[in-house]
Amino acid sequence: MPPLDTAHDHFGRRATPSHPEGQSLSAAAALSATAARTDNCVFFFDFDGTLAPIQDDPDAVQLAPGVLETIADLTVHVRRVSLVSARPVDFLRSRFPGIPLTLHGLYGLESQYVPGETITYPPALPWAGAMAELARRAERELPDEVLVEFKRLSVALHYRSAPHLGDTVHAWAQEQARRHGLRAQEGRMVIELKPSVQRDKGSVVAEEIADFSCAWFFGDDLGDLAAFRALATRQAADPNFLGVRVAVGNPETGAEVAAAADLHLAGPADVPAFLREAMKVLPRRQEPNRR
Ligand SMILES: [Mg+2]
């Protein structure tokens with residue numbers, strides 16, 4: 001069975017009741033609607049758990065086989081391909097060298113539209129000093145098994161290699177959030193402390209889709225739900241807008257993400273095959289990818 005049918009049949013196809021036509025959205029229907037809109041369509045992807053399998057050490061994470069080539073090819077089929085991730089832009093760029101992607105790092109606190117030029121979301125700039133201090137405090141106060149990842153404008157606390165420390169990490173993070181006015185974002189065996197700036201995957205996606213008539217979002221984790229909601233909000237306001245939410249399965253927080261999605265893939269390894277099938281339906285655009 002080809003991957004599109006797998007995506008459609010394997011995971012129970014019901015779809016979002018909020019879909020504008022009020023009916024199930026199959027992969028085939030979504031693609032044929034997209035094929036009519038490729039000049040005005042953006043494909044968004046989360047990174048960890050969506051394009052790359054999760055690892056204990058976040059620095060060791062690599063793309064699933066075939067993702068790099070497939071994403072590169074996709075850029076000539078749709079107007080824009082964007083990554084929206086908790087990772088810094090520099091990390092995302094390192095995994096996709098030379099490919100014309102729009103990159104939104106740190107949940108949109110930094111963005112790169114053209115290689116080499118990273119823009120910091122201005123309201124986040126004043127927080128840089130406080131976040132560096134927070135990272136130093138985390139290193140001092142949390143058990144050694146907790147991996148503290150300092151990302152310039154946020155601090156991620158990973159406890160994947162020591163799941164029994166989850167409660168300790170959460171309690172510490174909540175205390176810091178309360179005391180210093182930070183936001184705590186939960187993920188898969190990670191909690192991330194961020195400036196209390198109103199910026200998440202939902203606001204990034206809402207901004208980017210303003211002049212598009214079609215958007216797909218591929219995500220695996222709780223932070224991606226805001227992006228799913230941004231597509232639903234736009235669809236509710238604009239019946240001509242096509243939004244497609246794709247859940248990439250994971251055994252931890254996957255059920256909640258799957259419940260909010262139109263289509264379902266089993267894991268990052270299945271993304272390239274799905275996109276290969278999709279590109280058979282989506283016409284190749286003549287003009288080069290623009291931002
Ligand atoms: Mg993810």
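Atom set for the values below is all heavy atoms of this structure, side chains included, hydrogens, waters and symmetry mates excluded. The residues of the chain are indexed from 1 along the displayed sequence. We count ligands from 1, going down the list as the structure has it; atoms in each ligand are counted the same way.
Among the backbone and side-chain atoms of D221, no N/O/S atom is found under 2.8 Å from the Mg ion (ligand 1). The Mg ion (ligand 1) has D48 among its coordinating residues (N/O/S atom, backbone or side chain, under 2.8 Å).
Both cation-pi conditions hold for R199 and Y121: the charged atom is under 6.0 angstrom from the six-membered ring centre and inside a 45 degree cone around its axis.
The shortest distance between side-chain heavy atoms of H264 and V246 does not fall below 4.5 Å.
Take the Mg ion (ligand 1) as the corner point: the lines to OD2 of D46 and to OD1 of D220 open at 80°, to the nearest 10 degrees.
If you look at F217 and F45, their ring centroids are not closer than 6.0 Å.
Ring-plane geometry between H170 and Y159 is classed as perpendicular, the angle between the planes exceeding 60 degrees on a 0 to 90 degree scale with a lower cut at 30.
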